[in-house]
Colleague: 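Dumping the structure here so I can ask a few things about it.
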Amino acid sequence: MMRWNALSRAVLIRLKQDPILYASLFLAVLSAFFVPVSKEYLSYIDFRVLSLLLSLMLVVAGFKRSGAFSILTAALLRAVHTSRALAAVLVGVCFFSSMLITNDVALITFVPLAVMLLTQAKLQRLFIPVVALQTIAANLGSSFTPLGNPQNLYLYSLTGMHALAFLKVMALPTIAAFALLCVSLLFIRSDPLAVPADTGQQHIRKRRIFPWVLLFFLCLLTVLRLLPYGLVMVIVIAGVILLDHTILWDADYGLLLTFLFFFIFIGNLKNIPAVSAALSALVVGRELPAGVLLSQIISNVPAAMLLSGFSQNYVALLYGVNLGGLGTLIASMASMISYKVYSVTDHAQIGKYLAIFTGLNVAFLALLYAVVALFL
């Protein structure tokens, strides 16, 4: 009982530290003064998105507990012998893994690993460029797939787009992003490593990972609309309880509540004729810049939810809110994860980190925006 109470308190503490959650709650309550609460509120809520988000968060948390990411990283690091190669692996694993495990989980997992390995190799000078590039890589890599980040999952569900069509739409910015990351890594000096790259992880039995692979496969089939989302969510929750019930507390319930409140807020705005008409006139035809600019202020997940209520040009919205994750520190809330990890390292230079992080983000944003705008 005491353990459950401790876990409950941990969840409440995380919720209290989420300003976007409180902003979405305020907007939902404010909008309710103009559109009285009724049964119609239920029609605002996309239960498929909420179910998929919860299922994926729980399965990815299970992957992390099972040691799957440690096995992956250890395999990648066996061939690393130079500082540039180490940086490339650390950035690359964020780019590619975020396509399946989401950008925030990729950063939670691999940024601390980067700090540990760079410290072992006496390459503390690379903390800032590597962590900044890892953040950019996770935000851009996650944009490629429907389950890479919350805004993609939401827009994918909203549009009813086929998975292959989604991948084709996002292939251009993803390929361009990968090319830019490769060029950026060339600016990191290639020196022999002072010590062998080592994750410090003990051998982990692979059979512990298999149940999570199976549950992830079920989630993937749900994303592809081949299985009902409600059934899969029940199976995932039951699996988590059987395998490790404490993983239930690892899900980001603040994000789920944020989605819920934004569903209510946006649904109410659409039911206020004057506001709906004004926002539609403002957004339609300007989805790409609107997505980028709004993301800089409120981050790209709420930006996607808000703008999608007033435009059906979902391709431009996808580009806008995914590129919008670049720029300011709050443009993608996943970027805060990297910042927090770096800020507690020994001799952290916060001002220098923010300057380099912002400079790299703005450079990537400008170049990718030009590529996407030319394509559109």
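For the numbers below, each heavy atom of this structure counts, side chains included, while hydrogens, waters and symmetry mates do not.
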Colleague: Are Ser311 and Asn313 linked by a side-chain donor-acceptor pair shorter than 3.5 Å?
Modeller: no

Colleague: Assess, by modelled atom type and distance only, whether the side chains of Ser98 and Ser142 contain a donor and an acceptor separated by less than 3.5 Å.
Modeller: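 No, no side-chain donor-acceptor pair sits under 3.5 Å.
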
Colleague: Could you verify whether a donor N or O on one side chain and an acceptor N or O on the other, from Asn103 and Asn149, lie under 3.5 Å apart?
Modeller: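 Absent: no donor and acceptor within the cut-off.
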
Colleague: Within the supplied structure, the quantity of interest is the number of heavy atoms (other residues, nucleotides, ligands) at a distance under 6.0 Å from Gln124 CD; does it exceed 12?
Modeller: yes

Colleague: Is Arg84 paired with Asp191 through a side-chain N to carboxylate O contact shorter than 4.0 Å?
Modeller: no

Colleague: When the ring planes of Tyr353 and Tyr339 are compared, do they come out parallel, tilted or perpendicular, using 30° and 60° as the limits?
Modeller: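 Geometry flag for Tyr339 against Tyr353: tilted rings.
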
Colleague: Is there a chain of hydrophobic side chains (I, L, V, M, F, W, Y, each step under 4.5 Å between heavy atoms) that links Tyr156 to Leu221?
Modeller: yes

Colleague: Check for me whether the distance between the ring centres of Phe144 and Phe178 falls short of 6.0 Å.
Modeller: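 Aromatic pair excluded; centres sit 6.0 Å or further apart.
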
Colleague: Is there a donor in the side chain of Ser31 and an acceptor in the side chain of Asn268, or the other way round, less than 3.5 Å apart?
Modeller: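 Yes.
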
Colleague: Side-chain donor-acceptor pair under 3.5 Å between Asn152 and Asn322, yes or no?
Modeller: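 There is such a pair between these side chains.
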
Colleague: Whether the side chain of Thr258 engages the backbone of Gly254 through a donor-acceptor N/O pair (distance < 3.5 Å, no angle test) should be reported.
Modeller: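 Yes, because the side chain of Thr258 sits within donor-acceptor range (under 3.5 Å) of the backbone of Gly254.
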
Colleague: For the residue pair Phe263 and Tyr154, does the interplanar ring angle fall in the parallel (under 30°), tilted (30 to 60°) or perpendicular (over 60°) class?
Modeller: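 Answer is tilted, since the angle falls between 30° and 60°.
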
Colleague: Quick check: is Leu367 connected to Leu360 through a chain of hydrophobic side chains (ILVMFWY, heavy atoms under 4.5 Å apart)?
Modeller: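 Yes; Leu367 is reachable from Leu360 via cluster members.
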
